[in-house]
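Remarks on the structure that follows.
Counting starts at 1 for both ligands and their atoms, following the listed order.
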Amino acid sequence: MKRYLVTGAAGFIGSHVSERLIDAGSEVVGVDCFTDYYPREIKESNLERLRSSDRFQLSDADLASAELDPLLDGVDAVIHLAAQAGVRASWGRSFQTYLDCNVRSTQRLLEAVKGRDLDRFVYASSSSVYGQTDDLPMRERGLTCPVSPYGVTKLAAEHLAVLYHRNYGVPTVSLRFFTVYGPRQRPDMAFHRFLKAGLLGQPLEVYGDGSQTRDFTFIDDTVTGIVAALHEGTPGEVFNLGGGGSVTLNHALDVIERLVGRTLDRRYGDQQMGDVSDTRADNSKARRILGFTPETTLEDGLAREFSWVAELYGHQST
Ligand code: NAD
Ligand code: UGA
């Protein structure tokens, strides 16, 4: 039986990855320190199904300071998802948290795994490492020039992963996720906010004129890519995992409007510092090496997220 360490296991992506591994018969050691970026209550509900499995255990520990060796006992592979996420909140004083959770924690974990016999160390990187570019689709070998402090920390940790592979043979694989959505999406992210506002008949704020594009990726597709990387990912390499097609935010809002069955109260505001205009993944490397082919349409994925949002906030609509 394989045993995995999943960091950030109580979060959006980490809870889904852990469930997929448990469902496949593996053991999962989850670690999460329940940062206050969003309520613990939401993270506890992410863990509900996992807590009923005797092959899942969770350690409430901060990767920036905890002793890491005990967490790694008997572990075959690491999936490192823990981070301070959120592009627009990474300016100013909060940058220290981004440094601790994204750079320092990753470096500590890489130090702790060096010399261990691991199958893979999969690191959650981000489309934000590319920054503002007209060179679309984004290719792994293209320029990386982040425009948010968050993107800078995600890229720094990606470089650390490559260094620990080259110098210590840690089998790191970095996956650049593109705006992931679906049930359990973080409450600061666009679709979560928009679906909630649609459900409750509240106004929503669009940053800019809504013409920005994103290669939105449904959570199940991202998880499939992560699991494939555990087996097929080439150590030392970086892979894009995009949803398979970019759309404008305005288009996504139209889809949401049809789903919620009412006109959205769209308030157009200022563009935010750190946001890029467009993301679009070239998935060809992931397709070739990981067999990655995203399958979920935006309509189906948003319908799945809406069901979850309705369950979460439905009681507030009466
Ligand atoms: P999330 O905030 O839901 O999950 C991250 C979890 O990590 C949280 O539960 C948090 O408590 C935990 N954590 C943070 N710092 C920690 C530390 N020092 N020690 C222990 N636990 C810690 O975020 P998510 O959306 O699930 O993102 C997961 C990963 O994927 C992150 O690395 C993020 O940068 C990356 N990513 C996400 C997206 C996306 O669209 N959601 C896109 C690109 C990359
Ligand atoms: C997302 C994640 O939040 C990051 O953690 C991740 O690293 C990044 O994807 C990535 O792909 O690398 P983002 O694309 O900003 O970042 O995702 P959303 O928060 O869902 O925003 C999507 C778009 O909607 C952005 O243009 C944003 O400005 C806009 N938005 C967001 C609004 O117009 N209004 C809002 O209330 C929230």
Side-chain angles (χ1 to χ4, degrees), residues 6-17 30-38 40 42-44 46-47 58-66 68 71 79-90 97-98 100-106 108-109 123-130 138 146 148 150-151 153-154 157 174-182 184-194 196-197 204-217 219 222 226 240-243 248-250 252-253 266-279 281:
V6 177
T7 74
F12 165 38
I13 301 176
S15 60
H16 282 283
V17 168
V31 56
D32 204 297
C33 66
F34 298 89
T35 61
D36 62 4
Y37 186 55
Y38 63 92
R40 179 167 183 143
I42 295 183
K43 295 181 189 181
E44 289 291 353
N46 292 345
L47 290 169
L58 185 86
S59 172
D60 184 343
D62 185 340
L63 295 169
S65 54
L68 300 178
L71 294 172
I79 304 168
H80 177 39
L81 301 162
Q84 174 57 42
V87 178
R88 295 167 289 279
S90 59
T97 309
Y98 284 77
D100 293 340
C101 296
N102 302 1
V103 183
R104 183 159 162 64
S105 294
T106 303
R108 290 189 84 241
L109 200 51
Y123 164 66
S125 188
S126 153
S127 73
S128 65
V129 303
Y130 289 109
M138 292 157 156
S148 63
Y150 164 76
T153 62
K154 294 304 287 184
S174 295
L175 304 175
R176 292 178 180 163
F177 306 155
F178 283 67
T179 317
V180 187
Y181 73 101
R184 303 184 195 154
Q185 192 189 39
R186 300 193 323 262
D188 61 307
M189 292 186 69
F191 289 174
H192 184 131
R193 287 184 173 174
F194 296 168
K196 180 184 177 192
L204 58 88
E205 186 174 3
V206 181
Y207 301 141
D209 63 5
S211 65
Q212 63 264 52
T213 62
R214 288 289 180 280
D215 199 338
F216 294 107
T217 313
I219 180 66
T222 302
I226 294 170
N240 286 337
L241 292 185
T248 64
L249 202 54
N250 281 329
L253 282 159
R266 307 179 192 193
R267 312 266 169 102
Y268 287 85
D270 292 335
Q271 265 187 331
Q272 304 285 300
M273 269 194 310
D275 266 346
V276 297
S277 312
D278 304 288
T279 67

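Counting heavy atoms closer than 4.0 Å to ligand 1, residue Ser125 contributes backbone atoms (N, CA, C, O) but none from C-beta onward. Heavy atoms of Gln185 found under 4.0 angstrom from ligand 1: none, in either backbone or side chain. Here Tyr150 has side-chain heavy atoms under 4.0 Å from ligand 1, and that is the only part of it that gets that close. Only the backbone of Ala61 comes within 4.0 Å of ligand 1, counting heavy atoms alone; no side-chain atom from C-beta on gets that close.
Under a 3.5 Å cut-off, the side chain of Asn102 and the backbone N or O of Ala83 do not form any donor-acceptor pair.
Looking from atom 37 (C) of ligand 1 to the surrounding protein, the closest heavy atom is Ile13 CD1, 3.8 Å. The protein atom (non-hydrogen) at minimum distance from atom 41 (N) of ligand 1 is Arg186 NH1, 3.4 Å. Of all protein heavy atoms, the one closest to atom 10 (C) of ligand 2 is Ser127 OG, 3.1 Å. Among all non-hydrogen protein atoms, the one lying nearest atom 12 (C) of ligand 1 is Asp32 OD1, 3.3 Å. What sits closest to atom 3 (O) of ligand 2 on the protein, heavy atoms only, is Arg186 NH2, 2.7 Å. The nearest heavy-atom contact from the protein to atom 36 (O) of ligand 2 is Arg193 NH1, 2.9 Å. Atom 16 (O) of ligand 2 has its closest protein heavy atom at Val87 CG2, 3.7 Å.
Any N or O atom pair closer than 3.5 Å counts here, and Leu81 shares at least one such pair with ligand 1. Where the criterion is an N or O separation shorter than 3.5 Å, residue side chain and backbone included, Tyr37 fails it with respect to ligand 1. Below 3.5 Å of separation, one finds an N or O of Cys33 facing an N or O of ligand 1. Looking at ligand 2, you won't find any N or O of Met189 less than 3.5 Å from one of its N or O atoms. Some N or O of Thr35 is nearer than 3.5 Å to an N or O of ligand 1, by distance alone. Here's the thing with Phe12: one of its N/O atoms is less than 3.5 angstrom from an N/O atom of ligand 1. Considering backbone and side-chain N/O atoms, Val180 comes within less than 3.5 Å of an N/O atom of ligand 1. For ligand 1, the polar-atom distance check finds no N/O of Met189 at less than 3.5 Å from any of the ligand's N/O atoms. Polar contact with ligand 1: absent for Asp100 (N/O pair, distance under 3.5 Å). Annotation: Lys43 places an N or O atom under 3.5 Å from an N or O atom of ligand 1; distance criterion only. Between Ala85 and ligand 1, a contact under 3.5 Å exists for no N or O pair. Where the criterion is an N or O separation shorter than 3.5 Å, residue side chain and backbone included, Arg88 meets it with respect to ligand 2. The N/O atoms of Gln185, backbone and side chain alike, include none that comes under 3.5 Å of an N/O atom in ligand 2.
Residue Tyr150 has at least one heavy-atom neighbour below 4.0 Å for each of these atoms of ligand 2: 4 (C), 5 (O), 6 (C), 7 (O). Per-residue contacts place Gly11 under 4.0 angstrom from the following atoms of ligand 1 (heavy atoms of the residue considered): 3 (O), 4 (O), 9 (O). Close approach of ligand 1 to Phe34 (heavy-atom distance below 4.0 Å) involves ligand atoms 11 (O). For ligand 1, the atoms lying closer than 4.0 Å to a non-hydrogen atom of Thr179 are 40 (O).
By heavy-atom distance, the residue among Tyr207, Phe178, Tyr268 lying nearest atom 35 (C) of ligand 2 is Tyr207. Nearest residue to atom 25 (C) of ligand 2 from Arg266, Arg214, Arg267 is Arg214 (criterion: closest heavy atom). Of the options Gly274, Gly210, Ser277, Ala190, the smallest heavy-atom separation from atom 21 (O) of ligand 2 is shown by Ala190.
Checking Thr213 against Asp278 by side-chain atom types alone, a donor-acceptor pair falls below 3.5 Å. The closest side-chain donor-acceptor pair between Thr248 and Asn250, if any, does not fall under 3.5 angstrom. If you check the side chains of Thr35 and Lys43, you find a donor sitting under 3.5 Å from an acceptor.
Taking a 4.0 Å cut-off on heavy atoms, Arg176 fails to register as neighbouring ligand 2. Tyr181 does not count as a contact of ligand 2, since none of its heavy atoms falls under 4.0 Å from the ligand. Note on ligand 2: Gln212 sits in its first shell, one or more heavy atoms being nearer than 4.0 Å.
Taking the centre and axis of the six-membered ring of Tyr130, the NZ or CZ atom of Arg176 falls inside the cone set by 45° and 6.0 Å. In this structure, Arg186 forms no cation-pi arrangement with Phe12, as its terminal cationic atom is not both closer than 6.0 Å to the ring centre and no more than 45° off the ring axis.
Asn46 CG to His16 NE2: the interatomic distance, rounded to the nearest 0.5 Å, is 7.0 Å.
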